[in-house]
There are 2 protein chains.
Amino acid sequence: MSRIGLPHIVIIEDEPVTRATLTSYLDSNGYRVTEAASAPKAEEILARDPADLLLIDVNLEGKDGLQITREQRAQSEIGIILISGRTDDIDRIVGLEMGADDYVCKPFNRRELLARIKNLLRRTTALRHLSRTVFRFAGFTFDINTRRLTRADGEAVRLTRAEYEVLAQLVRHPAAVQSREKLVTCITHRQESPEPRTVDVLVRRLRKKLEDDPKAPQIITTSHGEGYIFTGRLE
Amino acid sequence: MSRIGLPHIVIIEDEPVTRATLTSYLDSNGYRVTEAASAPKAEEILARDPADLLLIDVNLEGKDGLQITREQRAQSEIGIILISGRTDDIDRIVGLEMGADDYVCKPFNRRELLARIKNLLRRTTALRHLSRTVFRFAGFTFDINTRRLTRADGEAVRLTRAEYEVLAQLVRHPAAVQSREKLVTCITHRQESPEPRTVDVLVRRLRKKLEDDPKAPQIITTSHGEGYIFTGRLE
DNA sequence: TTCATTATGTTAAAATTTGTTAACTACAGA
DNA sequence: TCTGTAGTTAACAAATTTTAACATAATGAA
């Protein structure tokens with residue numbers, strides 16, 4: 001049976017029995033499931049086969065679920081559900097404030113988990129499909145598909161690949177802060193990323209091409225201590 | 001009181017105390033909240049002022065929470081969180097399978113609910129940023145999305161990130177006292193907050209940029225022992 | 001292949017933003 | 001008015017970003 005096109009779920013759980021049970025249950029409900037016993041293993045999998053949703057056990061050996069959540073959330077909008085043996089309020093709150101979409105306590109009802117997964121996937125995949133491909137702002141026309149940026153006078157502005165990736169990420173999330181961490185992973189889709197400071201340089205080069213006055217940027221704004229924001233007016 | 005630009009949450013709950021508590025908590029956390037005691041009342045509200053998220057008590061008199069969920073989900077992708085006094089697995093599963101994004105059991109932790117709301121809104125409002133949210137006062141134009149502040153003569157006033165955050169919080173809650181504690185949490189989105197005194201300095205810097213006579217502030221007023229208030233006249 | 005050109009990444013100094021502190025001033029209650 | 005508390009101000013320290021110069025890697029043409 002072909003698994004291509006099915007939503008891809010990665011389970012990060014070091015307890016083999018729970019892992020296998022979950023996998024087979026989700027698999028039989030129409031999802032493509034990949035298992036990872038630890039954080040490094042999961043990162044390896046995600047690097048070559050991006051997931052739609054992560055199911056993470058909070059209490060992992062080594063890098064724990066909360067840490068994974070923070071790192072993933074910094075660089076993507078992937079759906080994250082935490083699973084924990086502890087029912088403590090504080091644990092749950094910390095997980096959710098870290099950006100996990102949901103927090104489920106063991107022992108959990110499989111059918112409930114399935115419903116939660118389904119609802120969350122509806123949200124995350126809807127977002128993906130809503131993505132536009134042509135954006136207009138400040139006289140520029142930016143086509144994400146053809147990678148072309150055109151000035152008001154019709155003149156094409158040449159963007160390098162890295163510049164394109166950064167601009168695309170920013171434009172796709174108008175008025176939302178994009179961390180350097182998130183932006184570097186847009187530049188290289190590989191595992192080892194360059195210095196986050198590299199983003200500063202790319203932004204500078206973009207500003208030179210986009211802004212009337214690069215010293216007082218209007219389109220790509222700095223959010224001190226946080227990252228960069230697209231603040232152009234989209235038409 | 002103007003609350004333009006804030007996410008709009010509608011609470012549907014027939015128990016007055018729970019309703020009021022929730023409303024004031026969410027309101028003080030930067031949301032625009034409308035209360036409805038019943039389904040018909042809620043529909044009336046939604047018809048003239050669409051919401052970003054519904055907080056629905058399951059056990060309502062008349063049309064209950066599950067029914068509202070089904071109807072709303074049939075016609076929109078609005079975020080829905082169900083609240084229930086019953087902790088039964090089956091109730092929860094039915095609610096979730098009906099399309100509710102989340103199901104919270106009483107007694108719930110407010111902070112947890114807030115985290116869940118925040119995460120869900122992040123999913124549902126990703127596109128809302130395209131709209132403009134502009135405030136006008138004392139000749140200034142302040143656009144929350146593009147982070148731009150413009151003087152009466154059209155000259156742009158540069159705001160640093162922290163200054164922007166403070167001004168945005170004040171403007172969103174005109175004529176309401178904002179405590180230093182509230183304002184510092186606006187400045188830093190990270191865990192550890194700076195000294196509340198930092199706010200004083202930011203307000204001073206804002207006054208220098210906004211006020212005709214910073215010694216006799218008209219727009220950002222001090223409330224001795226309490227905090228600061230936006231007292232500009234919004235147009 | 002080699003060379004020239006362009007793109008990408010790194011680094012350090014300069015500039016800016018943010019946060020802290022302390023002296024000073026204003027306020028409110030006794 | 002006195003007195004303790006709270007707010008303003010300025011100067012400074014710490015953190016972060018910008019800028020420019022340069023090193024390395026990738027690309028394309030001869």
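Just so it is clear, the structure is predicted and the values come from calculations on it, not from any experiment. Note on naming: letters A, B, ... go to the chains in the order of the sequence lines (proteins, then strands), and numbering restarts at 1 for each one.
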Does any donor atom in the side chain of [X] or [Y] lie under 3.5 Å from an acceptor atom in the other side chain?
X: A:Ser179; Y: A:Arg73; value: no
X: B:Thr222; Y: B:Tyr228; value: no
X: B:Thr160; Y: A:His224; value: no
X: B:Asn119; Y: B:Arg116; value: no
X: B:Thr231; Y: B:Thr221; value: yes

Between [atom2] of [N] and [atom1] of [X], the distance in whole Å:
X: A:Asp213; N: D:dT18; atom1: CG; atom2: P; result: 13 Å
X: A:Ile220; N: D:dT19; atom1: CD1; atom2: P; result: 13 Å
X: A:Leu202; N: C:dA7; atom1: CG; atom2: P; result: 12 Å
X: B:Arg180; N: C:dT20; atom1: CZ; atom2: P; result: 14 Å
X: B:Leu206; N: C:dT17; atom1: CG; atom2: P; result: 13 Å
X: A:Leu183; N: C:dG9; atom1: CG; atom2: C1'; result: 16 Å
X: A:Arg161; N: D:dA25; atom1: CZ; atom2: C1'; result: 12 Å
X: A:Ile187; N: C:dT10; atom1: CD1; atom2: C1'; result: 13 Å

Handout entry: Minimum-distance pair of heavy atoms, taken over all atoms of A:Ser223 and A:Val177
Key =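 That would be OG-CG2, 4.0 Å.
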Problem - Minimum-distance pair of heavy atoms, taken over all atoms of B:Lys208 and B:Pro214 - result: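 What the structure gives for the nearest pair is CA-CG, 4.2 Å.
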Exercise for the section: Would you please name every residue forming a side chain to side chain contact (heavy atoms under 4.5 Å, CB included) with A:Pro196, sequence neighbours left out? Expected result: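 In terms of side chain to side chain contact (heavy atoms under 4.5 Å, CB included), with neighbours along the sequence ignored, A:Pro196 is linked to A:Arg180.
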Problem - Non-neighbouring partners of A:Asp213 that pass side chain to side chain contact (heavy atoms under 4.5 Å, CB included), sequence neighbours left out - result: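 For A:Asp213 the side chain to side chain contact (heavy atoms under 4.5 Å, CB included) partners, ignoring immediate neighbours, are A:Lys215, A:Ala216.
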Exercise for the section: For A:Thr222, answer base if it contacts any base atom (sugar-phosphate contacts may also be present), sugar-phosphate if it contacts only those atoms, and nothing otherwise; contact means non-hydrogen atoms under 4.0 Å. Expected result: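 The residue A:Thr222 makes sugar-phosphate contact but no base contact.
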Exercise for the section: Answer yes or no: are there more than 12 heavy-atom neighbours, outside A:Lys118 itself, under 6.0 Å from its atom NZ? Expected result: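 For A:Lys118, atom NZ is not crowded (no more than 12 foreign heavy atoms under 6.0 Å).
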Can you name the atoms? Protein N/O to nucleotides 9-12 of chain D N/O, anything below 3.5 Å, with the distance.
residue : atom : partner  : partner atom : Å
D:dA10  : OP2  : B:Arg204 : NH1          : 3.3
D:dA10  : OP2  : B:Arg204 : NH2          : 2.1

Exercise for the section: Estimate the overall bend of the helix from C:dT1-D:dA30 to C:dA30-D:dT1 from the end axes over five pairs each, rounded to 10 degrees. Expected result: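 End-to-end axis angle: 30°.
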Practice task
Would you please confirm or rule out a distance under 4.0 Å between OP1 or OP2 of C:dA7 and any side-chain N or O of A:Tyr164?
Solution key: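 For A:Tyr164, the contact criterion (side-chain N or O under 4.0 Å from OP1 or OP2 of C:dA7) is not met.
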Exercise for the section: Provide the full list of salt bridge (Lys or Arg N to Asp or Glu O under 4.0 Å) pairs with a residue in residues 53-67 of chain A, sequence neighbours left out, each pair given once. Expected result: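 Salt bridge (Lys or Arg N to Asp or Glu O under 4.0 Å) check on residues 53-67 of chain A returns A:Glu43-A:Lys63, A:Asp57-A:Lys106, A:Lys63-A:Glu71.
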Quick one: which protein N/O atoms are closer than 3.5 Å to N/O atoms of nucleotides 12-16 of chain C? Pair and distance per line, please.
none

